[in-house]
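What follows is a short report on a single structure.
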Amino acid sequence: MGHVQPDPAAARRVKRAARAASVATLALLALALPAIAQVTFANGWMRPVASGDASAEAYVDLDVQTAQTLVAAATPIARAVELVEGLVVGKNYRTRVVDAFELPPHATFRFARYANVLRLRDIGRDARVGDVVAMQFTLRDGRGGLRTVSAGIQVRGIGPGVAVEPAGRLDDRGRTRSDEGLVIDRD
């Protein structure tokens, strides 16, 4: 058969087509990445807890790229996780369990002390200082689709597995009064 000389024009067309396919693939990935990475978590922490404790609170910052609704949370160390709305009015801190939280796009939604919290109920396993507790969050998008994403919650505190109550003292109605002067009413 002999030697076949490559066609330079055909080689350029193949290279151009490969380059176009690469650019198209990168463009699709760039469009898909926001959908994949719509939720980021930061600053997740909780106090140490022991198996048998009635409750504990966890805190974390969530950032979403598109508006979503947090409809549930779960962790393997507790029977249930309640979504708790917290509100400080004057010097009173009040909480109530809610069905969901609306997460605005491009903003940090914070679960923090004396604010909205994730309340773990009926602790079934110890979480000691230094442990990372898995937490699953169920989100609903604008079209009604559900998905679950996970985050690690770092256990911080002063004891190896002892529940730590907020610093403070009880007032005459049995409520905890914090060092900041807030009265803590829990439902």
Side-chain angles (χ1 to χ4, degrees), residues 23-49 53 55-89 92-125 127-158 163-164 166-167 178 180 182 184-187:
V23 169
T25 301
L26 288 174
L28 285 173
L29 281 174
L31 290 173
L33 277 178
I36 294 169
Q38 285 183 341
V39 181
T40 56
F41 298 91
N43 308 315
W45 72 280
M46 64 180 287
R47 299 274 186 221
V49 295
D53 285 348
S55 68
E57 292 180 348
Y59 317 104
V60 67
D61 297 340
L62 285 85
D63 287 299
V64 294
Q65 298 301 311
T66 60
Q68 297 185 47
T69 304
L70 175 62
V71 296
T75 180
I77 72 162
R79 182 187 54 78
V81 177
E82 297 172 336
L83 304 176
V84 179
E85 178 180 66
L87 182 64
V88 175
V89 179
N92 292 311
Y93 172 63
R94 293 200 171 92
T95 63
R96 70 181 179 112
V97 175
V98 296
D99 293 328
F101 281 110
E102 298 297 325
L103 306 178
H106 308 292
T108 299
F109 187 89
R110 176 163 285 168
F111 288 99
R113 290 191 62 183
Y114 303 118
N116 302 321
V117 298
L118 299 161
R119 186 180 298 146
L120 288 64
R121 287 287 190 189
D122 299 327
I123 308 301
R125 192 171 357 157
R128 298 179 181 277
V129 173
D131 289 351
V132 176
V133 174
M135 183 84 66
Q136 295 78 39
F137 298 86
T138 303
L139 301 166
R140 184 177 55 234
D141 63 24
R143 296 184 305 266
L146 294 176
R147 71 179 179 136
T148 300
V149 293
S150 297
I153 305 297
Q154 180 74 42
V155 179
R156 296 190 221 156
I158 56 173
V164 178
S178 74
E180 294 89 1
L182 296 173
I184 303 169
D185 283 330
R186 294 202 165 113
D187 57 355

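A distance of 8.0 Å separates CD in Gln154 from CG in Asp131, rounded to the nearest 0.5 Å. The CZ atom of Arg143 sits 8.5 Å away from the OG1 atom of Thr66 when rounded to the nearest 0.5 Å. With values rounded to the nearest 0.5 angstrom, Arg96 atom CZ is found 9.0 Å from Leu87 atom CG. Between the CG atom of Leu118 and the CG atom of Leu70 there is a distance of 7.0 Å, given to the nearest 0.5 Å.
Classification of the Tyr59-Trp45 ring pair by plane angle, with boundaries at 30° and 60°, yields tilted.
The shortest distance between side-chain heavy atoms of Glu57 and Met46 does not fall below 4.5 Å. Residues Phe137 and Val60 meet the side-chain proximity criterion, which asks for heavy atoms closer than 4.5 Å. Annotation: side chain of Ser150 is in contact with side chain of Gln136 (closest heavy-atom distance under 4.5 Å). Contact annotation: the side chain of Asp61 approaches that of Arg110 to within less than 4.5 Å [non-hydrogen atoms, C-beta and beyond]. Side-chain atoms of Phe111 and Leu62, non-hydrogen and from C-beta on, do get closer than 4.5 Å to each other. Side-chain contact between Leu139 and Thr69 is absent, with no heavy atoms from C-beta onward closer than 4.5 Å.
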- Task: Any chance you could lay out the side chain to side chain contact (heavy atoms under 4.5 Å, CB included) test for Gln38 and Val64, step after step, and finish with the verdict?
- Result: CA-CA 5 Å; Gln38 285 183 341; Val64 294; 5.6 Å; no

- Under the side chain to side chain contact (heavy atoms under 4.5 Å, CB included) criterion, do Val133 and Arg125 qualify, and how do the steps go? CA-CA 10 Å; Val133 174; Arg125 192 171 357 157; over 6 Å; no

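Nearest heavy-atom pair, Asn116 versus Glu85, reported as atom, atom and distance to 0.1 Å: OD1-CA, 3.3 Å. Pairing each heavy atom of Ala127 with each of Ile77, the nearest pair is CB-CD1, 4.0 Å. The shortest non-hydrogen separation linking Pro104 to Phe109 is CD-CD1, 4.4 Å. Taking all atoms of both residues into account, the shortest heavy-atom contact from Pro76 to Ala134 is CD-O, 3.4 Å. Of all the heavy atoms in Ala78 and Leu120, the pair that sits closest is CB-CB, 3.8 Å. What you find for Tyr114 and Val88 is that their closest heavy atoms are O-CG2, 3.7 Å.
A salt bridge links Arg121 with Glu82: at least one charged nitrogen is closer than 4.0 Å to a carboxylate oxygen.
The 12-atom threshold is exceeded at CZ of Arg156, counting heavy atoms of other residues, nucleotides or ligands nearer than 6.0 Å.
With respect to Arg147, the side chain to side chain contact (heavy atoms under 4.5 Å, CB included) criterion is satisfied by exactly one of Thr138, Asp141, Val39: Val39.
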